[in-house]
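Throughout, a chain's letter reflects where its sequence line sits, starting with A, and its residues are numbered from 1.
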Amino acid sequence: MPSWAPLSASELAERQRGLSEEQLQQRRIVHVNAETVQDVSATDIPGHWGPGQDDSWDIERFKQGLQTKFHQNKPYDSAFSLVGVDASIANAYRRILLSEIPTLAIEDVFIFDNTTIIQDEVLAHRLGLIPLTGGQEGLTWLRWYRKPPPKDDFASQATWPYDVDDNDADSATPNDHNTIVITLKVECRWATQDEDGRDGRRMAKEGETDPNERYVNSNIYAHQLVFEPQGDQAKHFSGENAIRPVNPDILIAKLRPGQRINLRCHCIKGIGMDHAKYSPVATASYRLLPDIKITQPILGADAKKFQRCFPRGVIDLVKDGESGENKAVVADPMKDTVSRECLRHDEFKDKVKLGRIRDHFIFSVESTGQFESDELFLDSVRLLKAKAERFKRHLTELEEGR
Amino acid sequence: MATDGDHEMADATAGAEANGTSGDFVKEKQRLRLLPGSSDTQASFAFEKEDHTLGNALRYMIMKNPDVEFCGYSIPHPSETVMNLRIQTWDNVSVMDVLKRGLSDLADLCDVVEDKFTAARDDFNDSHPDRVATK
């Protein structure tokens with residue numbers, strides 16, 4: 001065993017001087033100075049602190065150390081703290097949230113008629129970016145559609161028939177199990193007295209310029225997309241769960257009288273790694289909890305100035321018993337943005353130490369509306385586990401093959 | 001278009017299977033290769049269609065194993081989705097065992113996170129009907 005390998009329990013007890021709470025807490029902090037950052041890397045690797053410290057993987061110790069605390073759990077906007085994981089794991093969850101959770105979005109647009117000034121490809125691009133929703137269990141029932149590569153991509157064409165999913169023979173053809181059909185058929189015309197109760201042409205002559213008054217269907221919104229259930233889809237996507245845009249008031253195009261749009265969209269499942277329209281989160285990010293330590297008391301007018309260097313609520317002023325003046329006290333470090341403004345002033349730049357806590361991640365998950373934020377994070381955790389399990393199977397295969 | 005018989009999406013399928021939608025026998029493409037020059041106590045693996053997401057997390061879990069002398073991952077070229085992982089061990093410990101244990105530990109970690117997160121979420125929803133922490 002190497003010299004720094006963990007010792008037996010008795011030797012450990014002997015060597016362990018008993019790290020105080022404060023020393024352990026010190027090890028968790030990344031120091032933020034005026035121009036530099038220190039102690040960035042994680043130090044909980046076995047051997048880093050010598051034989052007296054056992055940092056090897058222990059699921060029980062991890063379970064005790066892990067804490068989850070919610071700050072907000074609105075359906076499509078969650079904020080929670082994950083304490084006790086390493087940065088690589090938190091980052092893996094964040095990356096999976098952004099790019100590997102499957103979502104439904106419009107992919108192929110078949111345009112029969114487009115006489116608007118919005119070009120076909122621009123219109124198709126805008127349609128693809130509209131977030132769609134349709135009930136959780138229906139979306140998990142939907143299978144994958146493996147699109148054949150374009151005819152001019154010779155490299156993929158060479159391997160295409162053999163690359164198709166062996167498990168689902170129909171995955172290369174669009175069918176009711178893997179494709180959702182949405183149509184849009186609108187035409188803009190002048191408002192008439194008979195149909196709309198106002199005469200657009202007369203109003204225009206009299207000086208009316210608002211297109212909503214003069215014309216009908218001059219603005220095309222997302223709620224005008226019509227979901228057409230095919231085959232088995234009516235069972236899974238009906239009523240509340242019908243495929244519909246999350247935000248019905250997204251403006252797709254603007255038309256004038258005589259212009260028509262007639263198109264059919266095929267929606268399929270995809271992941272954010274392929275195209276950002278498939279990302280289920282508006283964004284998912286995390287930040288580390290800031291840490292402010294006041295090493296010497298800051299009193300009186302200095303304390304007030306110190307309070308103004310931070311966002312409101314971070315520093316509180318309390319009456320100091322001895323001198324009777326106001327003393328600066330850290331109230332809520334979570335509101336801090338670590339702008340290091342206090343390090344720019346000579347009066348107290350030596351009396352304060354800024355930092356961040358290395359294993360306290362404050363996640364913010366904003367969903368686009370297809371799934372709920374907390375479910376998205378759970379999906380991300382399960383997906384990382386599925387990846388690990390999958391490679392365990394591959395490893396077994398590799399070992400057997402040798 | 002990258003959605004052509006795509007391997008990346010296969011993991012998402014695996015994620016969906018983790019939800020219990022399919023229990024049938026699934027044929028998977030082998031995405032783990034052993035690079036030449038490897039022996040029983042030191043080996044380099046190539047993971048296809050993987051990147052920093054799995055690479056860094058797996059590297060961390062394997063480094064937590066005291067039998068490991070060296071563990072590092074790299075992505076040889078950003079245009080190819082291949083991730084290389086190198087493991088060297090002390091005292092004749094098998095590299096395959098170390099990798100298997102690293103993957104198992106990662107799965108266990110995810111289980112613990114999932115359980116604790118679900119418990120905290122349910123607690124929070126019960127005690128905060130307006131879904132915002134009162135402070």
Report the distance from atom [atom1] of [X] to atom [atom2] of [Y], rounding to the nearest 0.5 Å.
X      : Y      : atom1 : atom2 : result
B:S94  : A:E399 : OG    : CD    : 6.5 Å
A:F391 : B:Q30  : CZ    : CD    : 8.5 Å
A:F70  : B:S127 : CZ    : OG    : 11.0 Å
B:L99  : A:K392 : CG    : NZ    : 10.5 Å
A:K63  : B:K116 : NZ    : NZ    : 8.5 Å
B:F124 : A:Q72  : CZ    : CD    : 7.5 Å

A:H394 side chain to B:K29 main-chain N or O, any donor-acceptor pair under 3.5 Å?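 Yes; judged by distance alone, with no hydrogens or angles, the pair exists.
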Determine yes or no for a side-chain-to-main-chain donor-acceptor pair under 3.5 angstrom, with A:K74 supplying the side chain and B:V132 the backbone.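 Checked: no pair found.
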Identify which of [options] forms the greatest number of heavy-atom pairs closer than 4.5 Å to chain A.
options                       : value
B:D115, B:L54, B:L109         : B:L109
B:L34, B:D108, B:D105, B:T118 : B:D105
B:D51, B:D123, B:N65          : B:D51

May I ask you to test the A:Y93-B:V113 pair for a side-chain heavy-atom distance under 4.5 Å?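 Result yes, sub-4.5 Å side-chain heavy-atom pair found.
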Might you confirm whether atom CG of B:D126 has over 12 heavy atoms from other residues, nucleotides or ligands at distances under 6.0 Å?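 Correct, the count exceeds 12.
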Check this for me: A:E121, atom CD, are more than 12 non-hydrogen atoms of other residues, nucleotides or ligands nearer than 6.0 Å?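 Yes, the 6.0 Å shell around CD holds more than 12 heavy atoms from other groups.
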Provide the closest heavy-atom pair for [X] versus [Y] in the form atom of the first, atom of the second, distance.
X      : Y      : answer
A:I59  : B:V112 : CD1-CG2, 3.8 Å
B:R121 : A:N73  : CG-ND2, 3.6 Å
A:A388 : B:L106 : CB-CD2, 4.1 Å
A:I89  : B:A57  : CD1-CB, 3.9 Å

Under 4.0 Å between a side-chain nitrogen and a carboxylate oxygen: does that hold for [X] and [Y]?
X      : Y      : result
B:K64  : A:D86  : no
A:K385 : B:E114 : no
A:E397 : B:R31  : no

Report which part of A:N91 has an atom under 4.5 Å of a heavy atom belonging to chain B: side chain, backbone, both, or neither.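 A:N91 has no heavy atom closer than 4.5 Å to chain B.
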Aromatic contact between B:F117 and A:F80, with the criterion being ring centroids under 6.0 Å apart: yes or no?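 When the ring centroids of B:F117 and A:F80 are compared, they turn out to be within the sub-6.0 Å range.
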What part of B:N125 is in contact with chain A, defined as an atom under 4.5 angstrom from a non-hydrogen atom: side chain, backbone, both or neither?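 Contact with chain A: side chain only.
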Top contributor to chain B interface from A:V85, A:D58, A:I96, A:D374 [non-hydrogen pairs under 4.5 Å]: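 Top count of heavy-atom pairs under 4.5 Å with chain B: A:D374.
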